[in-house]
2 protein chains.
Amino acid sequence: MATQKKSTEDRRNEITEAVLGIVQEHGQKGLSIAAVARRIGLVPSAIYRHYRNKDAMIEGVLDFVARRLADNLATEEGTCSSQTERLHNALERHLVMVRQNRGLLRIVFSDDVFGGTERRRTLLGGIVQRYLRAVADIVAAGQKSGEFREDIDPSATAALFLGLVQPLAVLWHLSDGKTDITRMAEKNWKVFLRGIESAGTSGTEGTY
Amino acid sequence: MATQKKSTEDRRNEITEAVLGIVQEHGQKGLSIAAVARRIGLVPSAIYRHYRNKDAMIEGVLDFVARRLADNLATEEGTCSSQTERLHNALERHLVMVRQNRGLLRIVFSDDVFGGTERRRTLLGGIVQRYLRAVADIVAAGQKSGEFREDIDPSATAALFLGLVQPLAVLWHLSDGKTDITRMAEKNWKVFLRGIESAGTSGTEGTY
DNA sequence: ACACCAAGTGAATGCGTCGTCACATAATAC
DNA sequence: GTATTATGTGACGACGCATTCACTTGGTGT
């Protein structure tokens, strides 16, 4: 009845938030236009004022994810002394993101975006590729600066970097947040670092 | 009409296969009882002769996955000279599995099993945990035999091992099978190995 | 040859879904 | 204050879905 009207921009944000929340709590199965509407105090048909259809709504969420991922890597160049540190920062941020946004993993892997239309998969593929590319760039920079070995492949290494987090995210999710992924990530980071840093650098040797 | 009758055991296998195929081609969204039935030349209601309901049907698929994963690690103890080799074998098998069974990743991450009921998530969690445990055991064995460093944590390392494959699987899927994940996996394996093997062992140093 | 039962059939039910449309109303511009 | 327009409403249609049930049919053991 006396529902206050808001701008489409605001509503879109509310909707994205609602989608993530719902997927987090009830999975993609619980993700219906009706559920989204209910969660932000609207009537189902109102959603269509802000998104053409359900697909468009989900693309909105994808955009959000893309922005977050990009932010994770956008460490201000000046403040970081080494590429190693930049990577490590990115790792930490990634973990925080996973932990804060439980719905994220589910929606990314949800059939809607992961297995959806060709178009959708390409979209997500682009996001992932861009992220990996950015990581690869950092690795390459590290090679130039002498921090990292010359004989590693930047893009493969980027994938491995992602592998530092991904299984943990899955694990964390499946254990209902009970696994201490931060600690495990830190341990694996050491292994990872040892694998990529150039021979002379022995920063982590004595840490244990 | 003149549909030949088969034993439930046979039908269950057919159904599992059909489910994987459908999910591979059309995603979980395309996975309906009707679709499964059509694919194996039956009528929808016939499925219920072999599975109580859709959930049970999907559990059948999960069982299949669990068996495959277990097989990947069950390298006959005798034939393997080192734990390193065992791990490497498991890695290769895992990759083959990913490549052969495109639907697998999608169904595992599909909402049905990944975000389904508590029960379902626990089931999947158990499978993953068991796999990780098995890997961790190999790592621990490697530590005892002196192949691997003492200061790495077996279970964390197991997660990282999974991380060798997981991002690649995702990448592979998103690129429609165009990424050469075998090569990337091999490169990352070297990095991984360098990170975990004990100081003296320099098996991979000169490989490049 | 026959009886029994597991496997297959087809129709029907009930539910939840997306999306549309004519109408109502709050906010804004003038 | 009034006109305009973007936002919100409620009813509705069409569809696909999982599941049930009474019935039929093919295969197997005897």
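Throughout, a chain's letter reflects where its sequence line sits, starting with A, and its residues are numbered from 1.
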Donor-acceptor contact below 3.5 Å, side chain A:Q28 vs main chain A:V23: no

Members of residues 30-49 of chain B that approach DNA chain C, where some heavy atom sits under 4.0 Å away: B:L42, B:V43, B:S45, B:A46, B:R49

Integer-rounded Å distance: C:dG19 C1' and A:K54 NZ: 12 Å

B:T182/B:R99 under side chain to side chain donor-acceptor pair (under 3.5 Å): CA gap, chis, key distance, verdict: CA-CA 10 Å; B:T182 314; B:R99 233 178 302 119; 3.0 Å; yes

Ion pair check, A:R39 and A:E25, cut-off under 4.0 Å: yes

Below 4.0 Å: OP1/OP2 of C:dA6 and any side-chain N or O of B:R11: no

Interatomic distance where NZ belongs to B:K5 and P belongs to C:dA7 [whole Å]: 9 Å

Whole-Å gap separating C1' (C:dA6) and CD (B:Q4): 15 Å

Side-chain N or O of A:T3 closer than 4.0 Å to phosphate OP1/OP2 of D:dT9: yes

Whole-Å distance separating the NZ atom of A:K29 from the C1' atom of D:dC17: 11 Å

Listed partners of A:R11 passing salt bridge (charged side-chain N to carboxylate O under 4.0 Å, His left out), at least two apart: A:E14

Whole-Å gap separating P (D:dT19) and OH (B:Y51): 14 Å

Phosphate contact (D:dA6 OP1 or OP2) by A:H50 side-chain N/O below 4.0 Å: no

Ring center gap for B:H94 and B:F161 short of 6.0 angstrom: no

Nearest-angstrom distance from the residue atom CG of B:N53 to P of D:dC21: 14 Å

Close side-chain approach of A:K190 and A:K187, heavy atoms under 4.5 Å: no

Rounded distance (Å) that lies between atom C1' of C:dA27 and atom CG of A:D10: 14 Å

